[in-house]
Amino acid sequence: MSASPPYLEVAVAAPLPQTLTYALPSSGEIPAPGQRVLVPLGGRLLTGYVLAVTQEKPAFRLKPIADLLDDFPVFPEGMVPFFRWVARYYHYPIGEVIRGALPGGLTSQSGRQIMATEAGLHYFLVEQPQLVHDHPWLASVTAKKKLSAATVRKLWRGKERRIIEQWGEQGLISVEQIISGATIGQKTETCVFLASEPLAPETLANLKPSEKKTLALLEEMLLPAPQALPRRELTKAYSGAAKALASLAGKGVLRLEERPVYRDPFGETPLFYPRPPQLTADQENGLAQLNPAIAKKKYAPFLLHGVTGSGKTEVYLRAAEATLALGRSVLVLVPEIALATQLEAHFLSRFGETVALLHSGLARGERFDQWQRVVSGKARIVIGARSAIFAPLGDPGLIIVDEEHDGAYKQEDSLRYQGRDLALVRGSQTGATVLLGSATPSLASYQHALSGKYTLLSLPTRIENRPLPQVELVDLQAVNTVSGRPPLFSPQLKQALRATLARQEQSLVFLNRRGFAGCMLCSDCGQAVQCPHCRITLTLHKGRGELVCHYCGYATNSRTVCTNCRSINLAPIGFGTERIEEELAGMFPKARIARLDHDTTRNRQDFLRILRAVHDREVDILVGTQMITKGHHFPHVTLVGIVWADAGLGMPDYKAGERTFQLLAQVTGRAGRGEQPGRVIVQTHQPTHYSIAAARDHDYPRFFEKETGLRKALGYPPFSRLINLVLDGEQEEAVQNRAEALAAKGKALRRYRKTGILGPAPAPLARLRGRFRWQILLKGTDLEELHSLCLELEQEHARLAGKVNLSVDVDPENML
DNA sequence: AGCACGCCGACT
DNA sequence: GTCGGCGTGCTC
């Protein structure tokens, strides 16, 4: 058999559902899987990712690869099946999957660069200066400044293209094809290390005063963490240090090296956590099951159910040690916001240089550096937020997902993946042990643990047997007010806030409400009006005067009766953290109040700034959404108030009960970790609701039983699978028509009998950023069928042209 | 996505 | 009669 020249299977960074085949570049070089290449596609050049080298020749004429972009792969070949799986399962173009997985700034595409010729300069500046006025971009060109690639693209796509081409032909400007977009720089910091050898006495005796001072300072600063210290820390403390450090390095007293530096969010040197010599019996027991699984190098999923403060971290660390000892690598996923917690410091303390960090707070260059360290094998432990599931580790033998129940693992735009679910997929592909950890496991994970699909490990007690905090429930229905409507703050909570302020301690005030959707709340039983078919809270559409189900489209007049107790005393309700902040400011004019939610924290910096203010006791009362439950423990917070614990139960979401339980359990678990036990006051309209009562009693099994029963009865996950199809566009009618057309098409396809089509219905945020949104929910137990139906509807959508956009959300968690 | 091709109204 | 608008379809 003669060897034909190989062909390359390439995923192109464009929204194509399939991969494309290219011939070898003219150089004859054969790029390896994982390398980036520049490929021609429909008259332009863009980045592609080589997935495979194949001998299979397709039936059509191939174009050759235009260029190689890398000397080495940017991801290991072993990740190719993973990318394929993700693209297929989440109905997302594979090239976009890979582009999104890689650190930013690695995507090249062809563009154009516009420059003025000598003749042009004269023409535009002297002969026809009004042209510069008419075409403002000419100002940059005549000033010999480069136009950005984005600017040129916009001009080229718009009305200016003709004139640009015309002037190009006249020789007034030059239009050159360039490759742009890939912009990556290295960023490191100079760090100081003490020499490992003890110093000779004569060296020490001959030091200059400034050198002695610097050395003393260094030793002092290194004391809490005997690792590296950034040079600028020293030069900040003592301006003579820069010079002294250089000469000390020359004398061999210390080393200066370029290193990435990891910083604590509060700007302190990371704490060093020593390896504890003793484990608890529960930790030992867990590791006795984990270690053999790790050693087998086969896929083995575990659920580590441990209450807050029970020592999950040490189990992670020991499992990581065992995995590294086998020569395999470790991937640790944490919720983005929790990256500021001690977990990262624990891993750094234990494993030092072999840890890489991947999170959204890194600058582009930093992110690229971390990526390089991983792909080159220098870093064998990766800690990161959900996107770190795409970290280019060659042979992950252990994948840890901390706080696995956390909603932050679900990406809610572009590629809508679930990081925790992908951890299991990647683990099963690479033969890894997957360790999911949580104090309040997701229903699905716990279900799998009980069914034996995962192995359940338990850490039922807190270290040192500290008690869980006492939780007081306040029934808002029972609070008497002049107006007869429940108040925002009960006398109990007001009183507690006042007392806490008087003691100069801090309070946290939660409102689990980031949604905007209003609902109708029954003033007698406290329950929100629900859909008779879906048991989902109906959303109030004020304009139409209707209550609408966002799952099935059911609508009823907003003047209705309570679905629970038939009462006619229904009141529209809807308020958020902003209102709470306002009320508090009115009640306590002298208190320093801060708010932490999506509106006040545009980015990680804002988040850390507010946390820091609380940490430094510059804030008396912190108001916020679930964001405050994560991350930090503040020792001076002695009161936690939950304004409206059942707020989440009013959301149009089948997971409302689960979310509510998790939130309350997380909050109450967090209080009382300091020396004082702390007080938790939970205000609610539904004190007997199972989610709220079980959270008060720290009773996960009770919650699980009840919630599982409800889900099963209604056929919601984990007893079925969902795919949400969201249509959006500028014209409401077009969107609604398309939604109806697709739903009708789906219902007409008789071969998908086992899959239900709910809707179409207006999306819970029916108008978002000026676009109208409708959705169709697919629900079924047959995964195969569900996905083929989805695929057919996508094809139907593509066939029907129009300015309506379709996005697919597989396993939706939050349909807002 | 973005570019080419193709089919209809208002200009020389 | 052409220019140039945008709607559809394909990209190895």
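Lettering follows sequence order; numbering is per chain, from 1. Computed from a predicted structure; not experimentally measured. What you see below is based on every heavy atom in this structure, not just the backbone, and it leaves out hydrogens, waters and symmetry mates.
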Sequence neighbours excluded, the answer for side-chain hydrogen bond (donor to acceptor under 3.5 Å, both in side chains) partners of A:Arg420 is A:Glu404
What is the distance, rounded to the nearest whole Å, between atom CG of A:Leu800 and atom P of C:dG7?
-> 16 Å
Report the distance from atom CD of A:Glu796 to atom P of C:dG9, rounded to the nearest whole Å.
-> 13 Å
Is A:Phe60 touching bases, backbone alone, or none of the nucleic acid, heavy atoms closer than 4.0 Å?
-> base
How long is the line joining NE2 of A:His797 and P of C:dG9, in whole Å?
-> 13 Å
Tell me, please, which residues at least two apart from A:Tyr7 pass ring pair (Phe, Tyr, Trp, His ring centres under 6.0 Å).
-> none
Answer with base, sugar-phosphate or nothing: what part of the nucleic acid does A:Pro40 contact at a heavy-atom distance below 4.0 Å?
-> sugar-phosphate
Atom-pair distance (CG on A:Leu46; C1' on B:dC3), nearest Å | 11 Å
Is any side-chain nitrogen or oxygen of A:Lys803 closer than 4.0 Å to OP1 or OP2 of C:dC6?
-> no
Any chance you could lay out the ring-ring contact (aromatic ring centres under 6.0 Å, His included) test for A:Trp167 and A:Phe124, step after step, and finish with the verdict?
-> CA-CA 11 Å; A:Trp167 288 338; A:Phe124 294 123; 4.9 Å; yes
Pairs flagged by ring pair (Phe, Tyr, Trp, His ring centres under 6.0 Å) wherever residues 782-812 of chain A is involved - sequence neighbours left out | A:Tyr89-A:His787, A:His91-A:His787
Do A:Arg386 and A:Tyr417 come within less than 4.5 Å of each other through their side chains, counting heavy atoms only?
-> yes
Nearest whole angstrom, please: distance from the P of B:dA1 to the CG of A:Leu806.
-> 12 Å
A:Arg373 and A:Ser376 have their tightest heavy-atom pair at O-OG, 3.2 Å
Rounded to whole angstrom units, what separation is found between the OH atom of A:Tyr22 and the P atom of C:dT11?
-> 10 Å
Taking atom types as they are modelled, is there a donor-acceptor pair under 3.5 Å from the base of B:dA4 to the side chain of A:Arg44?
-> no
Interface polar pairs with nucleotides 8-12 of chain B, N/O, under 3.5 angstrom:
none

Rounded to whole Å, CD of A:Gln18 lies from P of C:dT11 at a distance of 9 Å
Contact class for A:Pro15 vs. all strands (heavy atom < 4.0 Å): base, sugar-phosphate, or nothing?
-> base
Hey, what are the protein-to-nucleotides 2-5 of chain C N/O distances that come in under 3.5 Å?
unit_1 : atom_1 : unit_2   : atom_2 : d
C:dG4  : OP1    : A:Arg162 : NE     : 2.9
C:dG4  : OP2    : A:Arg162 : NE     : 3.1
C:dG4  : OP2    : A:Arg162 : NH1    : 3.2

Rounded to the nearest Å, what distance is computed from the OH atom of residue A:Tyr92 to the P atom of nucleotide B:dA1?
-> 9 Å
Does the salt bridge (charged side-chain N to carboxylate O under 4.0 Å, His left out) test come out yes or no for A:Asp809 and A:Lys410, once each step is laid out?
-> CA-CA 10 Å; A:Asp809 191 355; A:Lys410 180 74 199 305; 2.7 Å; yes
Where at least one partner belongs to residues 74-102 of chain A, residue pairs that pass salt bridge (Lys or Arg N to Asp or Glu O under 4.0 Å), sequence neighbours excluded | A:Glu9-A:Arg84, A:Glu96-A:Arg99
Note: A:Glu740-A:Lys747 ion pair, threshold 4.0 Å (strictly below) = no
At under 4.0 Å between heavy atoms, what does A:Leu16 touch on the DNA or RNA strands: base, sugar-phosphate, or nothing?
-> base
